[in-house]
Amino acid sequence: MTDDLPLSESLLRQRLAPHPVRYFAQIGSTNDEARAWLEAGAPAGAVVIADEQTQGRGRHHRAWRTPPGAAVALSVVLRPQVEALPQIIMMGALAVIETVEAVGVQHTALKWPNDVLVNGRKVSGVLAETVWSGDMLRGVILGIGVNVSVDFAGSELEPTAISLMTELGAPVDRLTMLESLLARLDYWQLHLGTSTLYRAWKARLVTLGSRVTVTNNTELLTGIAEDVDESGVLLLRQDSGELMRVVAGDLQMGSTQ
Ligand code: BT5
């Protein structure tokens, strides 16, 4: 098992104070619950945590695996300035990588735009969803999933996903991870919209300088990942010599197969 102590709302409230906390043993998606809470007036910093998600999702509604007792799954309500939006993902990824390192895991890296890797495999994903009233930003839901002891053996994710426990060969306490994650998020929020946050994120990216393939909708783009700008846009040097700005997509190291 992952924990010494099973998660419970009272324990989480105590340990994660002053963050307002809602805890669910099972939920569809913590992002949906946090969005409903945001719309009902949740303060910035409110956090929804689940032991298991039955409809956990990634970008473009792809499924995110969160079996019971084996993962950290949380969504934080943020109320940033609109200018800071591009950096929310950077903040989430940085908080995760620092938390993962704090429990003793090495060989960590970030992969553009939102993956946290351990030994080249995905240990965590970050999903930011904005909530608008017309053209007014009401807030952002920052969802984070971390594999603590998820067993990927025999699943289609086995070649690409990893859990902290597999890597460490020792149990990892989810409460400690949640505390650290929120503390690092609190810290990086103070730097939202600054080049300090951008530079810290960029320094961790494995992708820069390498040949990559980016899938962007139906387009397949290949080239050298030359740089990322302060909004997180990837600057891809194509073989034609043209520098292309890629706002979103899925990146793989290397050329197209
Ligand atoms: C992400 O999407 O990486 C964002 C994942 C965010 C999950 C959190 S959990 C708390 C909150 N509530 C939610 O409902 N979501 C957030 P993306 O880059 O689109 O990657 C999704 C892909 O990762 C899937 O298509 C799978 O290939 C792979 N995948 C699914 N589950 C995984 C897991 N547990 N570990 C590693 N890879 C996984």
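Start at 1 and go down the list; that is how both ligands and their atoms are numbered.
Note on Arg57 versus Glu129: salt bridge recorded, some NZ/NE/NH1/NH2 to OD/OE distance being below 4.0 Å. Using a 4.0 Å cut-off between charged side-chain N and carboxylate O, Glu9 and Arg22 make no salt bridge. Contact check on Asp227 versus Arg245 returns no salt bridge, with no Lys/Arg side-chain nitrogen under 4.0 Å from an Asp/Glu carboxylate oxygen.
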One pair per line, please: each N/O atom of ligand 1 matched with every protein N/O atom under 3.5 Å away, atom names first, then the distance to 0.1 Å.
| unit_1 | atom_1 | unit_2 | atom_2 | d |
| --- | --- | --- | --- | --- |
| ligand 1 | 2 (O) | Arg59 | N | 3.3 |
| ligand 1 | 3 (O) | Lys122 | NZ | 2.7 |
| ligand 1 | 12 (N) | Thr30 | OG1 | 3.0 |
| ligand 1 | 12 (N) | Gln53 | OE1 | 2.9 |
| ligand 1 | 14 (O) | Ser29 | OG | 2.7 |
| ligand 1 | 14 (O) | Gln53 | OE1 | 3.4 |
| ligand 1 | 14 (O) | Arg57 | N | 2.9 |
| ligand 1 | 15 (N) | Arg57 | O | 2.8 |
| ligand 1 | 18 (O) | Arg59 | NE | 3.1 |
| ligand 1 | 18 (O) | Arg59 | NH2 | 3.0 |
| ligand 1 | 18 (O) | Asn114 | ND2 | 3.3 |
| ligand 1 | 18 (O) | Lys122 | NZ | 3.2 |
| ligand 1 | 19 (O) | Arg59 | N | 2.9 |
| ligand 1 | 19 (O) | Arg62 | NE | 3.0 |
| ligand 1 | 19 (O) | Arg62 | NH2 | 2.8 |
| ligand 1 | 20 (O) | Lys122 | NZ | 3.1 |
| ligand 1 | 31 (N) | Arg65 | N | 3.0 |
| ligand 1 | 34 (N) | Arg65 | O | 3.1 |
| ligand 1 | 34 (N) | Asn147 | OD1 | 2.9 |
| ligand 1 | 35 (N) | Asn147 | ND2 | 2.8 |

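Although no hydrogens or angles enter the test, the distance criterion places no donor-acceptor pair under 3.5 Å between the side chain of Ser149 and the main chain of Met165. Arg121 places a side-chain N or O within 3.5 Å of a backbone atom of Ala161 that can act as its donor or acceptor partner.
Here the closest heavy-atom approach between residue Val140 and residue Pro80 is recorded as CG2-CG, 3.7 Å.
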